Amino acid sequence: MGTPSDALEVLAENYEFIESIGPCLGFRRAASVLKSLPAPLRNINDIEGLPCLGPETKAVIQDIFECGSSSKVEEVLTDERYRTLKIFTSVFGVGPKTAEKWYRRGLRSLEQIVSDSSIHLNKMQIAGFQYYEDISKPVSKAEAEAVGHIIKEIAGCFSPDVTMTLTGGFRRGKEFGHDVDFLLTVPRPGKEDGLLPAVIDQLRIQGLLLYSDFQESTFDLSRLPNRRFEAMDHFQKCFLIVKLKKEQVVGQQAEQRCGRDWKAVRVDLVAPPAERYAFALLGWSGSTQFERDLRRYSRLERNMLLDNHALFDKTTCFFCNKVIHQRRIPMARCDSTASAMLTANQD
DNA sequence: TGGCAATACTG
DNA sequence: CAGTAT
DNA sequence: GCCA
């Protein structure tokens, strides 16, 4: 669409495709700032005083106000290379490098890719093509909740006191997403270890598991400036594609005769130790741009290192653990607080 | 003019 | 290590 | 591309 932030995102994506990371980030931040505004821009003067909006982004926004579109953006949108890379990178497992490689070989469509026997796809890309129709469609909130019921049911069998939280875009209030993210925790320390393998096994047994990539991620504290805690923390996650039966989705009729009664959905599950829940929640709530800016702010402005597990103070060489005594803060207030200094937590 | 989030897995 | 994922 |  023709909103200024969409236009800036197009330019950001184009710079990503030509592997020009700087301008890409510049346009991404600018787009995020516009989305963080309480009300849409009325005219070009409204950008006065906003961060991350310099001469280049201003010109684009001005063009949109004056002409209804920006010629630079329109040019990108009609560019064959941009259009092709956009299609290629829309496949799960295909990034800018692979897309570029295919483009250079003269390939222009997904049909050409799948029918080219000299192309060797990895496991992720095979799943990406196999379920492309489904997983490239947006996931509705109702679908996300239906997936939630399935996972919660299974996880509850493993451990009745499991808690499950919908994160990602849906936690930020979005009505649609490209995947569904859940955080799972059990109060008993160490008990979370077997959780995801058990969930994955059960999904497989029920015939609902279409793709699974399980990751045992180890958080190595000894790598930090502080070598006093030699502890290793871990933190499991998995990237899945699951079969969601349409009858499980509230307010949706299984359409008979023509076609399947299910849809493939991308699902990410994360199982941190209860003690790490706050950091995991922060890290998995997004948006991508918000997470980047938060980490950059931690490091550059506060001399701290933030990741999905912890916040480390480089000045005192201590981990900041106060925040694990969680307070319930509405997302909206988190966002506005943070976006006062950072760019926004919107997509 | 340098720097742009940070980390884990696959092949 | 390069590439993709989050 | 924007900023420190």
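Worth saying up front: this structure is predicted, and the values here are computed from it rather than measured. Reminder, nothing fancy here: chain letters follow the sequence lines and each chain counts from 1.
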Whole-Å gap separating [atom2] ([N]) and [atom1] ([X]):
{"X": "A/Trp284", "N": "B/dA5", "atom1": "CH2", "atom2": "P", "value": "18 Å"}
{"X": "A/Leu282", "N": "B/dA5", "atom1": "CG", "atom2": "C1'", "value": "12 Å"}
{"X": "A/Gln236", "N": "B/dC9", "atom1": "CD", "atom2": "P", "value": "11 Å"}
{"X": "A/Phe290", "N": "C/dT6", "atom1": "CZ", "atom2": "P", "value": "19 Å"}
{"X": "A/Leu294", "N": "B/dA5", "atom1": "CG", "atom2": "P", "value": "12 Å"}
{"X": "A/Arg299", "N": "B/dG3", "atom1": "CZ", "atom2": "C1'", "value": "9 Å"}
{"X": "A/His309", "N": "B/dA5", "atom1": "NE2", "atom2": "C1'", "value": "13 Å"}
{"X": "A/Leu240", "N": "C/dT6", "atom1": "CG", "atom2": "C1'", "value": "13 Å"}

Within 6.0 angstrom of A/Gln206 CD, more than 12 heavy atoms from elsewhere: yes
Any donor-acceptor pair under 3.5 Å from A/Gln202 side chain to A/Val199 backbone: no
A/Arg29 backbone acceptor or donor facing A/Ser32 side chain under 3.5 Å: no
May I ask you to verify if any side-chain N or O of [X] is less than 4.0 angstrom from the OP1 or OP2 atom of [N]?
{"X": "A/His178", "N": "C/dA5", "answer": "no"}
{"X": "A/Arg296", "N": "B/dA6", "answer": "no"}
{"X": "A/Arg29", "N": "D/dC3", "answer": "no"}

Suppose we screen for side chain to side chain donor-acceptor pair (under 3.5 Å). Which residues come up paired with [X], at least two apart in sequence or across chains?
{"X": "A/Thr165", "answer": "A/Tyr277"}
{"X": "A/Arg204", "answer": "A/Asp201"}
{"X": "A/Asp63", "answer": "none"}
{"X": "A/Ser118", "answer": "A/Arg105, A/Asp116"}

Interface residues of residues 54-66 of chain A with DNA chain B (non-hydrogen, below 4.0 angstrom): none
Which nucleotide in D/dG1, B/dA6, C/dT6 has an atom nearest any side-chain atom of A/Arg295: B/dA6
Side chain of A/Arg292 (C-beta onward), nearest among B/dA5, B/dC9, C/dT6: B/dA5
Counterpart residues, side chain to side chain contact (heavy atoms under 4.5 Å, CB included), relative to A/Asn43 (two or more places apart): A/Asn45, A/Asp46
For A/Glu74, side chain to side chain contact (heavy atoms under 4.5 Å, CB included) partners two or more places apart: A/Ser69, A/Leu77
Nucleic acid contacts - residues 118-148 of chain A versus DNA chain C, non-hydrogen atoms under 4.0 Å: A/Met124
Residue-level proximity of residues 72-106 of chain A to DNA chain C when a heavy atom falls under 4.0 Å: A/Val91, A/Phe92, A/Gly93, A/Val94, A/Gly95, A/Pro96, A/Lys97, A/Thr98
Closest-nucleotide ordering on DNA chain B, the 5'-leading residue of A/Leu25 and A/Asp213: A/Leu25
Comparing A/Phe214 and A/Ile21 on DNA chain B - which has the more 5′ nearest nucleotide: A/Ile21
Sequence neighbours excluded - side-chain hydrogen bond (donor to acceptor under 3.5 Å, both in side chains) pairs with any residue from residues 49-58 of chain A: A/Glu56-A/Lys72
Rounded P spacing from B/dA5 to D/dC3 in Å: 15 Å
Sugar-phosphate only, base, or nothing, as touched by A/Arg28 at under 4.0 Å among non-hydrogen atoms: nothing
Touch class at under 4.0 angstrom, heavy-atom based, for A/Leu11 against every strand present: nothing
Which pairs would a plain distance check flag for residues 140-155 of chain A, meaning a side-chain donor or acceptor within less than 3.5 Å of a matching protein atom at least two apart in sequence or in another chain?
unit_1   : atom_1 : unit_2   : atom_2 : d
A/Ser140 : OG     : A/Glu143 : N      : 3.1
A/Ser140 : OG     : A/Glu143 : OE1    : 3.4
A/Glu143 : OE1    : A/Ser140 : N      : 2.8
A/Glu143 : OE1    : A/Lys263 : NZ     : 3.1
A/Glu143 : OE2    : A/Lys263 : NZ     : 3.4

Just distance, no hydrogens or angles: give the donor-acceptor pairs under 3.5 Å from side chains in residues 180-196 of chain A, sequence neighbours left out.
unit_1   : atom_1 : unit_2   : atom_2 : d
A/Thr185 : OG1    : A/Thr163 : OG1    : 2.8
A/Glu192 : OE1    : A/Gly190 : N      : 3.0

Parallel, tilted or perpendicular: ring planes of A/Tyr15 versus A/Phe27, cut at 30 and 60 degrees: parallel
